Amino acid sequence: MFLGETGSGKTTQIPQYLYEAGIGRQGIVAVTQPRRVAAISLATRVSSERRTELGKLVGYTVRFDDLTSDETRIKFLTDGMLLREAIGDPMLRKYSVVILDEAHERTIHTDVLFGVVKAAQKKRKELGKLPLKVIIMSATMDVDQFSQYFNGAPVLYLEGRQHPIQIFYTKQPQSDYLQAALVSVFQIHQEAPFSQDILVFLTGQEEIEAMTKTCRDIAKHLPDGCPQMMVMPLYASLPYSQQLRVFQAAPKGCRKVILSTNIAETSITIAGIKYVVDTGMVKAKKYSPEIGLEVLAVQRVSKAQAWQRTGRAGREDSGICYRLYTEDEFEKFDKMTIPEIQRCNLASVMLQLLALRIPNVLTFDFMSKPSPDAIQAAIEELDLLGAVERKEDQLVLTPLGRKMAAFPLEPKFSKTILLSPKFHCTEEILTIVSLLSVDSVLYNPPARRDEVQSVRKKFISSEGDHLTLLSVYRAFKNVSGNKEWCKENFVNNRNMMLVSDVRAQLRDICVKLSIPIESSRSDTGNIRRCLAHSLFMNAAELQPDGNYSTVGSHQLVTIHPSSVLFHCKPACVVYNGLLHTNKCYMRDLCVVDADWLYDAAPDYFRRKLRAAKN
DNA sequence: GAGCACTGC
């Protein structure tokens with residue numbers, strides 16, 4: 001176990017030491033990363049340090065991109081990718097060492113891998129095979145539970161070269177963190193040399209766009225002698241070209257002020273930041289298994305997250321961080337962010353564990369156990385989808401479940417694909433599922449809403465979002481992905497290209513599983529039937545009072561404003577998921593017949609009806 | 001009647 005601060009070079013050096021020590025001769029050294037870009041750039045760097053061609057001694061594997069060969073001995077890969085490999089080989093036989101890097105981030109994939117490598121290690125020992133060495137690397141002090149989990153593994157500490165950062169707290173709690181952020185930005189702006197840039201952490205797109213406008217307005221009316229200000233928003237759904245602006249140096253006499261979500265905490269690193277303004281707030285997802293509801297809410301950051309934000313000020317030189325909360329408030333923050341695995345729907349994770357032939361998934365050795373309710377809810381979902389069965393008192397995958405696990409998708413979407421041959425619409429379902437599994441291909445700049453609406457009219461289907469997206473994709477293919485067309489039609493070109501990649505991958509998997517791929521052509525009824533049969537547990541009916549109620553749990557829900565059905569009142573719909581922000585919203589809707597739902601799962605609805613009566 | 005943090009297979 002290595003605990004190393006940022007800049008200690010642990011990720012690039014340790015794999016090379018292991019290789020030089022001869023461990024790489026018995027098997028490959030794997031190094032996992034939570035993000036694709038990190039895996040690729042680290043492989044590139046280590047490969048050039050070894051003075052070898054990338055893809056030979058040193059390589060990487062991420063989704064859609066595999067640059068490894070028979071010679072590869074040091075392999076960087078995303079944690080999700082190693083997990084996928086483990087399904088084909090639970091003992092990870094080709095590896096002599098697995099290094100799980102950035103373990104402190106506690107992504108859902110890293111957390112599952114903790115258990116998978118531990119099980120592989122034990123199994124290999126029992127069978128007298130080459131031992132599997134496991135190294136956990138973390139940048140924070142939470143090593144105790146890592147060490148404990150891995151049977152008291154030794155901990156090594158590495159010195160980093162972080163620059164000192166001065167921290168200021170507010171004297172009083174702030175009731176309005178946006179106002180406080182605004183005041184701090186302009187206070188810094190009037191006092192500090194113009195070459196020192198400011199990074200402000202806020203919670204979301206809307207808030208950031210509003211704050212950007214306010215800052216720009218104020219910056220127009222600054223007193224003489226005050227430097228100019230360039231205000232830049234930064235969040236994930238911002239088009240790539242606009243994200244890139246934050247890397248450009250401001251002109252002389254001008255200061256950069258970047259207003260960002262937590263994307264700038266880890267995913268995007270900006271040089272030249274001297275000041276960090278931390279509102280102490282973040283928008284984060286929680287999950288309540290009882291009603292299958294995701295809740296997205298603004299909440300306090302953890303201490304670890306606050307330190308991560310602070311660290312963004314000291315990357316090249318000493319820095320300054322303004323925390324817009326008192327020191328007492330900070331002391332009350334949670335120590336660590338709750339691991340993702342305790343905040344998610346676990347259907348995918350459980351399906352993967354079953355595919356790994358874990359003996360008893362209900363008692364799987366997680367480092368941080370999810371609640372029994374969450375595990376139970378996931379198993380029930382898999383059961384409804386027909387993915388699991390009981391055999392000799394063990395929970396195992398059905399043949400259908402095993403096929404579902406082959407797809408890199410949420411189980412309900414794998415099921416949609418596997419059902420589609422019955423409705424002769426696999427071509428269309430592949431497209432729809434691909435569109436749903438990447439970030440939105442529809443770009444909605446708030447300032448140009450009317451324009452967007454009039455351009456988008458031609459794609460809109462009265463049958464719902466799935467079919468609307470399908471018509472956008474067809475139009476995109478008709479112009480061969482023309483970039484100008486994308487711009488004119490507010491279609492995100494980058495995400496659309498990704499849809500094509502995903503679709504090709506899913507299509508390949510279908511071919512491998514001998515699934516016939518037919519097109520329903522102009523018949524949209526079959527597509528909707530297929531969606532009704534796979535999303536029946538996500539159905540809602542219009543009530544006499546004009547509200548919607550979910551068929552399963554009688555939850556009051558509303559159509560999300562992003563849906564093409566927002567202004568409509570169809571009698572019966574299925575949706576991809578529920579998201580609770582201010583209200584409980586259904587997202588991505590498809591109009592269906594109530595009869596189809598009952599046909600899809602008569603037992604389920606009979607049970608629900610009985611439960612409602614009791 | 002009006003809204004979507006961030007990754008990843």
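Heavy-atom basis, side chains included; hydrogens, waters and symmetry copies ignored. This one's a predicted model, so the numbers in the text were calculated from it and none came from an experiment. Residue numbers start from 1 in every chain, and the chains themselves are labelled A, B, ... in the order their sequence lines are given, proteins ahead of strands.
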Q) Out of dG8(B), dA5(B), dA2(B), which nucleotide sits closest to the side chain of Pro561(A)? A) dA2(B)
Q: For the side chain of Ala236(A), starting at C-beta, report the closest nucleotide among dG1(B), dG3(B), dT7(B).
A: dT7(B)
Q) Taking only N and O in the side chain of Tyr585(A), is any of them less than 4.0 Å away from OP1 or OP2 of dG3(B)? A) yes
Q) Rounded to the nearest Å, what distance is computed from the CE atom of residue Met350(A) to the P atom of nucleotide dC9(B)? A) 21 Å
(Q) Just to be sure I understand the rule, does Phe407(A) reach a base, reach only the sugar-phosphate, or reach nothing, if contact means heavy atoms closer than 4.0 Å? (A) nothing
Q. Short question: side chain of Asp176(A), backbone of Gln179(A) - any donor-acceptor pair under 3.5 Å?
A. yes
Q: Identify whether any heavy atom of Arg106(A) sits under 4.0 Å from a base atom; if not, whether one sits that close to sugar-phosphate; answer base, sugar-phosphate or nothing.
A: nothing
Q.
Whole angstroms only, please: what is the CZ-C1' distance between Arg343(A) and dT7(B)?
A. 11 Å
Q) Which nucleotide in the list dA2(B), dG8(B), dG3(B) gets nearest to the side chain of Thr78(A)? A) dG8(B)
Q. Hey, is the side chain of Thr107(A) poking within less than 4.0 Å of OP1 or OP2 on dT7(B), counting only N and O atoms?
A. no
Q) How would you label the contact of Arg63(A) with the nucleic acid (heavy atoms, under 4.0 Å): base, sugar-phosphate, or nothing? A) base
Q. Does a nitrogen or oxygen in the side chain of Arg36(A) sit under 4.0 Å from OP1 or OP2 of dC9(B)?
A. yes
(Q) With nearest nucleotide decided by heavy atoms, which residue, Ser437(A) or Asn262(A), maps closer to the 5′ end of DNA chain B? (A) Asn262(A)
Q: Provide, to the nearest angstrom, the distance between the CD1 atom belonging to Ile268(A) and the C1' atom belonging to dA5(B).
A: 13 Å
(Q) Nearest whole Å is fine: how far is dA2(B) P from Glu206(A) CD? (A) 12 Å
Q: Anything under 30° is parallel, anything over 60° is perpendicular, the rest tilted; go ahead and classify Tyr325(A) against Phe330(A).
A: parallel
Q. Can you check the Leu296(A) CG to dC6(B) C1' distance for me, whole Å?
A. 10 Å
Q) Looking just at side-chain N and O atoms, do Asn345(A) and Glu381(A) make a donor-acceptor pair shorter than 3.5 Å? A) yes
Q. Hey, does Glu265(A) reach any base, or is it just sugar-phosphate, or nothing, if we go heavy atoms under 4.0 Å?
A. nothing
Q) Rounded to the nearest Å, what distance is computed from the CG atom of residue Leu83(A) to the C1' atom of nucleotide dT7(B)? A) 14 Å
Q.
Strictly distance-based, threshold 3.5 Å: is any side-chain N or O of Gln299(A) a donor or acceptor partner for the main-chain N or O of Val282(A)?
A. no
Q.
Return whichever of Phe64(A) or His580(A) has its heavy-atom-nearest nucleotide of DNA chain B closer to the 5' end.
A. His580(A)
Q) Which whole-number value in Å describes the distance from Lys583(A) NZ to dG3(B) P? A) 7 Å
Q.
Side chain of His567(A), heavy atoms from C-beta onward: which of dC6(B), dG1(B), dG3(B) has the nearest atom to it?
A. dG1(B)
Q. Could Arg312(A) and Trp307(A) be counted as a cation-pi pair, given that NZ or CZ must be under 6.0 Å from the ring centre and within 45° of the axis?
A. no
Q.
For the CZ atom on Arg93(A), are there more than 12 heavy atoms of other groups (residues, nucleotides or ligands in this structure) within a distance under 6.0 Å?
A. no
Q. Within this structure, what is the CD-to-C1' distance between Glu209(A) and dG3(B), rounded to whole angstrom?
A. 14 Å
